[in-house]
Number of protein chains: 2
Amino acid sequence: MQMNLSTRQLRAFVALAELRNFTRAAVACHLSQSAFSSLIRTLEDDLGLRLFDRSTRHVDLTVEGREFALSAQRVLLEMDTALGQLRERAALERGKASLALLPSLAAGWLPAVLAGYRAQHPGIEVEVFDILSEPCIERVRNGQADFAIAATRAETPELRAEPFHTDEFHLVAHSGHALLALPEVKPRDLLPFDFVHLSRNTSVRQYLEAATLPLQMRTLLEVDQLATVMGMVRAGLGISVVPALALFHFQQTGIATRLLKWPQLRRAIYLVRRRDRSLSLAAQSLCDWIMARRPVASEAAAPVAASRKRID
Amino acid sequence: MQMNLSTRQLRAFVALAELRNFTRAAVACHLSQSAFSSLIRTLEDDLGLRLFDRSTRHVDLTVEGREFALSAQRVLLEMDTALGQLRERAALERGKASLALLPSLAAGWLPAVLAGYRAQHPGIEVEVFDILSEPCIERVRNGQADFAIAATRAETPELRAEPFHTDEFHLVAHSGHALLALPEVKPRDLLPFDFVHLSRNTSVRQYLEAATLPLQMRTLLEVDQLATVMGMVRAGLGISVVPALALFHFQQTGIATRLLKWPQLRRAIYLVRRRDRSLSLAAQSLCDWIMARRPVASEAAAPVAASRKRID
DNA sequence: CGATCTTACGGGATTCGTAAACATA
DNA sequence: TATGTTTACGAATCCCGTAAGATCG
């Protein structure tokens, strides 16, 4: 049973079965006629029976050869299908990639990047989880996502993290707010004003509290979505501090922004993936594409503004 | 797409996919570990992508490898099935053979021969056409029967005939009939008695008429079946002349038989098959079996008597 | 350091193509 | 005799196993 049949043998057999002529079948297989002949001979010897009745004038399948031809064609078809699918994946014409990333990245930076990627690889299905850092990491850990872009440096035996971006923070306030007139804004300058916070499980909130400790800000309210923060700020109810990647929410008339040059207030963002398994070709290509187009620190605001045009 | 994949490569791949260990998979494939390694490497190179993530401690399928594993297993299963079926046919454990032969042979000689064949090859399906010579030949010509045993020497560009048997004829009459007392029975001795003929399209009738020309026998009646002839003869209505192969019909009390040693009255029987196509392995084995057990002229009556016990 | 995969390399088997021999209509 | 298959044989290639090298836990 441990027989070494090659697809070339099967193809030669099928070709001869169809053409019923050694010379023409040999040409079809890009072989000399004699090599083709011994190929068939070897196949028959391996199988232990004759597949063709042949004279110098006539070649035809035996009864057993006729049965084998059906199987051989089926096997070759299946093989070609499998190879075709594999080739499509290798050529990035088909596949699936899933990434988990922060909502601000998903809404502000990702769309333009993903649009370019999809234009180049329309056959690759992309799945996006736009969720907070912790769930992002969890999706990678349990295999739901191929990789994540999150604010957690998840270096574990399972996970590998590499720097993706460093995000600076901006003050956002209603136009004409008193803070905007100061030559420089420092942490304690924020204390007198009502502040719109994001919830405590966001990385933004955590970075902000770490940077202002031990000062206590005046909390107007605490919300989950940056869009809500924007609404509050635009209405003049309070001020807030948001990372550059989220600035696109605030580029509206009536809102002013100002970069905060606090050395301790910089959000590190990482690309996180599993250590033990390689990415699928599709996921790897998406990862490469994304890494090549990650936001540059000095131009953080610019691509955000560019992408804003797309999502409005 | 013209890629030369061998089943050994596929088997090695599947083995490694299951065992996730080069060393053990190499053993399972009866290869050295290094040969196995380069086999996998070659397969990956041929396909143009990596099938396994491997370190010195851990081997696992890539996403693409996982997809290919499913296809490979399916292909191997199909291949094994095909090879298994072919091997069954080569081992004569399965197959089909069909033969057309004269009713007298089918009823008298064939059963014991076929019983032995079936005992040895229970998986081979045998189809029997028990019909007259002309239809026998026709069945071979149109492919319904693999070969025929008939009284026609069918030597055409399409058909090949080889001698199978020479059949002698016997007088059959009611016990105590006057003819049985003669020292020798000659053609003209039959003329005074009522004669039970077989129909004109039987070879028996044709041989008999050729041997008695230009004499005209006294026809009592003309029937199609030898069993009917027997009934008539046993009832004393008439006499008849039948070939040795049909004598088993007449081995009954009340009927006597006598060999007619007329030189011109010998029926030649041929095995007829197509020239252009070889027999299937099953048909060839049945043909060989049958040729090895064909009735011997001098003992014509003996196997008939023996087989008669089986069919009564 | 030990287990495991990869690379290097020589020998043997396989396969190829050219050319001659062979077979059939 | 013409067409087409098989056989003979030297050359190139492929494949295997031994042994040394590299790598990860």
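Treat the numbers as computed from the prediction; the structure is a model and nothing was measured. Below, chains carry the letters A, B, ... as their sequence lines are ordered, and counting in each starts from 1.
- One N or O on the side chain of A/H165 and one on the backbone of A/P295 form a donor-acceptor pair closer than 3.5 Å.
- Of the candidates D/dC16, D/dG4, C/dT6, C/dT6 carries the atom nearest the B/Q33 side chain, counting heavy atoms from C-beta on.
- What separates CG of B/L39 from C1' of C/dT7 is a distance of 16 Å, to the nearest Å.
- A straight line from CD of A/Q9 to P of C/dC16 spans 9 Å, rounded to a whole angstrom.
- Residue B/S32 is in base contact, counting any heavy-atom pair closer than 4.0 Å across all strands shown.
- Proximity note for B/R41 (side chain, C-beta onward) versus D/dC16, C/dC5, C/dT6: the nearest is C/dT6.
- Summarising the geometry, the separation between CZ on B/R50 and P on C/dC5 is reported as 14 Å, rounded to the nearest angstrom.
- B/D146 places no side-chain N or O within donor-acceptor distance of the main-chain N or O of B/L99, the cut-off being under 3.5 Å.
- Looking at which nucleotide of DNA chain C each of A/F36 and A/S55 is closest to, the 5′-most match is held by A/F36.
- For the segment residues 59-69 of chain B, the set of residues with a heavy atom within less than 4.0 Å of an atom of DNA chain C comprises B/V59, in numerical order.
- Here C/dA23 presents its P atom at 18 Å from CG of A/D53, a figure rounded to the nearest Å.
- A straight line from CG of A/L19 to P of D/dT5 spans 11 Å, rounded to a whole angstrom.
- For D/dT6, the OP1/OP2 oxygens have a side-chain nitrogen or oxygen of A/R54 closer than 4.0 Å.
- A cation-pi arrangement is absent between A/R267 and A/Y207, since the terminal nitrogen or guanidinium carbon is not both under 6.0 Å from the aromatic centre and inside a 45° cone about the axis.
- In terms of phosphate contacts, A/R8 brings a side-chain nitrogen or oxygen within less than 4.0 Å of OP1 or OP2 of C/dC16.
- Across the protein-nucleic acid pair, B/L16 atom CG and C/dC5 atom C1' stand 11 Å apart, rounded to whole Å.
- In this structure, A/I40 atom CD1 and D/dG4 atom P are separated by 17 Å, rounded to whole Å.
- Checked against the 6.0 Å centroid threshold, A/F147 and A/W289 do not count as a close aromatic pair.
- What separates NE2 of A/H58 from P of D/dA2 is a distance of 23 Å, to the nearest Å.
- No side-chain N or O of A/T62 forms a donor-acceptor pair with one of A/D53 less than 3.5 Å apart.
- Minimum atom distance to the side chain of B/S34 is reached by D/dA19, of the listed D/dT5, D/dA19, C/dC5.
- Among residues two or more places apart in sequence or in another chain, the side chain to side chain contact (heavy atoms under 4.5 Å, CB included) test is passed with B/E134 by B/T152.
- B/S280 places no side-chain N or O within 3.5 Å of a backbone atom of A/V63 that could act as its donor or acceptor partner.
- Looking at heavy-atom distances under 4.0 Å, B/R57 makes contact with a base.
- Checking the phosphate oxygens (OP1, OP2) of C/dT6, a side-chain nitrogen or oxygen of B/S37 falls inside 4.0 Å.
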